[in-house]
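Computed from a predicted structure; not experimentally measured.
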Amino acid sequence: MMYSKEFAKVLYEALEERVTMDHLEPFIEKPKHLERGDLAFPCFSLAKTERKSPQLIAQEVSQKINSPLFEKVEAAGGYLNVFLNKQEVTAQVLEEILQKKQNFGASNSGKRRTVAIDMSSPNIAKPFSMGHLRSTVIGQSLALLLAQCGYKPVKINHLGDWGTQFGKLITAYKHWGNEEKVKANPIKELLALYVKFHEEAEKNVRLEAEGREWFKRLEDGDEEAAKLWKWFRAESLKDFSRIYKLLNIDFDSYAGEAFYNDKMDHVVDLLESRGLLTESEQAQVVSLEEEDLPPCLIKKSDGATLYATRDLAAALYRKETYNFEKALYVVGGEQSLHFKQLKAVLKKLGFDWADDLVHVSFGMMRKDGKKMSTRKGQVVLLEEVLQESIALAKENIELKNPNLPNKEEVARQVGVGAIVFNDLKNYRMNDIDFSLEDILRFEGETGPYVQYTHARACSILRKAAWDGEKEMPIQLSGEQEWEVIGLLMAFPETIKKAAAAFDPSRVAKHIIDLAQAFNKYYAEVKVLQEDEQKESRLAFVSAVTQVLRKGLSLLGIEAPDEM
RNA sequence: GCGCCUUUAGCUCAGCAGGAUAGAGCAGCAGCCUCCUAAGCUGCAGGUCAGAGGUUCAAAUCCUCUAAGGCGCGCCA
């Protein structure tokens with residue numbers, strides 16, 4: 001759909017095949033300013049081989065080009081600028097989108113190969129905080145993008161349902177817990193206990209040891225510990241499922257850390273048999289000196305397992321179960337060392353597929369410039385933010401469109417869309433300082449802005465009773481539509497790049513640009529005006545709705561037809 | 001101390017497999033609803049691209065160093 005290949009071919013001929021395609025196509029670029037044309041080729045690189053000034057080359061080549069696809073070729077400075085035939089290209093682009101509909105931009109380059117995605121992974125007995133939102137929405141969008149490229153994503157919610165923290169929690173419950181209170185308000189009460197534990201632990205050092213002891217008992221199958229753990233876990237999952245429902249996200253697997261309990265001996269044995277395990281300060285470690293990394297802790301001095309042990313077991317299990325081509329870990333950047341170690345240990349075990357593990361790292365969500373800490377009770381609850389956003393969306397609806405039929409559902413779509421979009425619109429590596437004000441903004445570069453643009457476009461189609469099924473030739477000069485057309489045709493390429501770079505923000509930026517361009521058009525052109533081009537304009541509007549909806553859906557955001 | 005990440009307009013960020021006058025949004029100011037949803041559109045104002053060297057015909061973009069901030073560096077995950 002991009003025309004750079006055609007341009008390169010034409011250049012190739014104009015240069016009488018003295019320069020290979022490989023030296024032409026990659027250099028073709030899109031001028032920053034529309035007045036400079038649609039595609040440009042800088043001739044500087046040819047100056048040496050052609051032994052002419054770039055200006056002269058551009059001049060000469062421009063005169064040799066004669067293609068029906070280009071309506072104008074211009075030499076400007078050392079650049080060769082071409083202007084596409086707007087009418088022709090507009091018709092081609094629109095016809096393709098209307099024919100492919102929601103499959104526009106899809107490819108099968110993934111050949112149905114599996115990509116495991118470790119994502120979301122909230123901690124049991126802790127509230128689902130804003131911090132966990134990032135992994136959840138980035139993972140979800142990557143799954144959608146990869147599916148779009150023909151891969152088979154497997155979304156794994158690697159629940160944080162095991163570890164010393166449960167020893168601490170059990171300790172806290174034993175000391176200060178109250179069954180009735182926890183039953184009445186599970187997560188809130190468990191969080192309070194967890195916070196209290198850390199407060200008390202500062203005064204009483206013995207608590208930490210007690211926490212470790214309880215965890216050890218849990219690992220050894222102590223009945224009381226297990227019972228409490230099961231209870232905490234069940235309550236937490238109930239809480240999480242409410243949030244996943246709001247976000248409209250589901251998982252292929254909820255195999256969390258505890259799932260690997262019976263699979264860790266195997267890992268330890270394996271390490272042992274290869275002679276990789278050494279004792280250090282009473283703990284079992286794998287030395288990674290050759291790799292220039294700190295040693296990887298496998299077993300604590302009391303014999304209990306660690307995060308790394310579980311992740312090793314998980315990697316082996318996933319490879320065996322899913323035979324993935326790639327395994328993504330959508331986990332915060334602060335764990336990058338852990339993943340380096342994980343891969344290094346797998347490599348030492350002789351598993352070459354360790355190279356297929358990818359840490360899809362992202363920046364930290366901070367509050368007032370500081371890391372959010374569950375231990376200190378400084379968390380912003382995702383559910384509260386979601387509900388607030390939904391309520392605000394509802395207010396807007398009452399104000400702007402009080403007769404809207406399904407207000408509640410639309411308010412949910414818009415409110416949630418605002419939050420998800422806000423998280424995905426920036427490059428994932430950036431740290432984000434939590435700002436309720438920014439998140440609850442529905443104007444400018446936001447999810448609701450894109451949704452609104454889509455809804456307005458839908459509204460036009462509704463008024464015209466447009467049915468996309470009938471075939472008809474597109475008759476548009478393309479002059480006013482041109483900026484939008486450019487963005488429509490570049491969309492498939494954006495999907496590919498976003499998937500390849502594991503970067504949903506590219507899609508978000510693309511649909512913002514598209515929405516902006518279309519809103520400009522909307523302000524200038526009366527689509528429903530009765531003339532010969534009306535049907536073609538409707539086709540154009542329909543294509544825009546298709547791509548906007550597709551773009552939003554790839555971010556995991558819904559697109560109401562009316563709002 | 002070592003490693004990774006970040007630094008572009010008052011604020012939040014695009015742009016970075018080098019290319020033509022550095023772009024949005026928010027905030028500010030000035031306009032636009034007898035007309036397809038004003039969650040919109042138009043205009044104005046706002047920048048030594050952290051700093052210094054280097055590579056190149058060409059550097060916000062690549063390399064080196066410096067500075068500032070963040071994160072990590074053995075029994076947390």
Side-chain angles (χ1 to χ4, degrees), chain A residues 26-27 29 31-33 36 40 42-45 47-48 53-54 76-79 81 121 123 158 160 162-165 168 211-212 257 280-285 292-302 304-308 310-311 331-338 340 361 363-364 366 369-371 375 393 396-397 399-401 404 414 418 422 425-427 429-433 435 437-438 441-453 455-464 505-506 509 512-513 515-516 519-529 537 541 562-563:
Chain A
F27 295 95
E29 57 192 52
K32 281 182 198 145
H33 303 273
R36 288 228 166 74
C43 301
F44 307 95
S45 58
K48 268 182 198 152
S53 76
Y79 290 86
N81 297 329
S121 315
N123 293 322
H158 192 63
W162 205 248
T164 313
Q165 51 177 339
K168 295 178 179 177
R212 281 194 295 273
E257 294 185 51
S280 164
E281 297 167 38
Q282 283 90 55
Q284 298 291 312
V285 310
D292 221 19
L293 291 167
C296 182
L297 277 271
I298 301 296
K299 268 191 166 182
K300 299 202 253 188
S301 44
D302 65 2
T305 61
L306 285 143
Y307 182 49
R310 267 164 259 144
D311 252 5
V331 178
E334 67 270 25
Q335 290 188 42
S336 61
L337 178 60
H338 163 74
K340 276 186 198 157
S361 165
M364 180 167 294
R366 281 177 283 141
K370 282 175 293 189
K371 185 175 177 173
R375 290 201 301 251
N396 275 299
I397 291 168
L399 212 66
K400 296 162 201 271
N401 197 358
L404 186 70
V414 174
N422 181 264
K425 76 176 171 187
N426 293 135
Y427 182 53
M429 288 302 278
N430 296 348
D431 285 344
I432 300 180
D433 200 76
S435 155
E437 197 188 333
D438 285 348
R441 182 166 278 144
F442 293 177
E443 292 154 23
E445 296 170 337
T446 65
Y449 172 83
V450 180
Q451 289 172 317
Y452 176 68
T453 309
R456 284 213 297 189
C458 284
S459 172
I460 294 176
L461 299 178
R462 210 180 308 121
K463 290 226 157 82
S505 74
R506 291 174 188 246
K509 280 161 203 150
I512 283 193
D513 290 344
Q516 281 176 340
N519 277 325
K520 207 175 289 175
Y521 175 87
Y522 182 97
E524 281 168 10
V525 179
K526 174 98 178 147
V527 176
L528 292 177
Q529 190 182 342
R537 281 195 302 270
V541 171
E562 209 176 333
M563 66 186 262

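Atom CG in A/L337 sits about 15 Å away from atom P in B/A77, given to the nearest Å.
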Assign a letter to each nucleotide of nucleotides 4-15 of chain B from its 5' end: B, base within under 4.0 Å of a protein heavy atom; S, sugar-phosphate only; -, no contact. -S-------SS-

For nucleotides 40-46 of chain B, read 5' to 3', which letter fits each nucleotide if B means a protein heavy atom sits under 4.0 Å from the base, S means only the sugar-phosphate is that close, and - means neither? SSS----

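Between the side chain of A/R366 and the backbone N or O of A/D433 there is no donor-acceptor pair closer than 3.5 Å.
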Could you list the protein-to-nucleotides 28-33 of chain B atom pairs, N/O on both sides, closer than 3.5 Å?
none

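In this structure, A/R310 reaches the B/A77 phosphate: one of its side-chain N or O atoms is under 4.0 Å from OP1 or OP2. Under 4.0 angstrom from either OP1 or OP2 of B/U37 there lies at least one side-chain N or O belonging to A/S459.
Remark: A/Y521 pairs with A/E481 by the side-chain hydrogen bond (donor to acceptor under 3.5 Å, both in side chains) rule, at least two apart or across chains. For A/Y452, the side chain to side chain contact (heavy atoms under 4.5 Å, CB included) criterion is met by A/R456, A/M563, not counting sequence neighbours.
Contact of the A/S361 side chain with the A/V331 side chain is not registered, since no non-hydrogen atoms from C-beta on lie closer than 4.5 Å.
Secondary structure note: stems in RNA chain B built from 3 or more consecutive Watson-Crick or G-U wobble pairs under 3.5 Å occupy B:1-7 with B:67-73, B:10-13 with B:23-26, B:28-32 with B:40-44, B:50-54 with B:62-66.
Nucleotides B/A77 and B/A14, compared at atom P, are 33 Å apart to the nearest Å.
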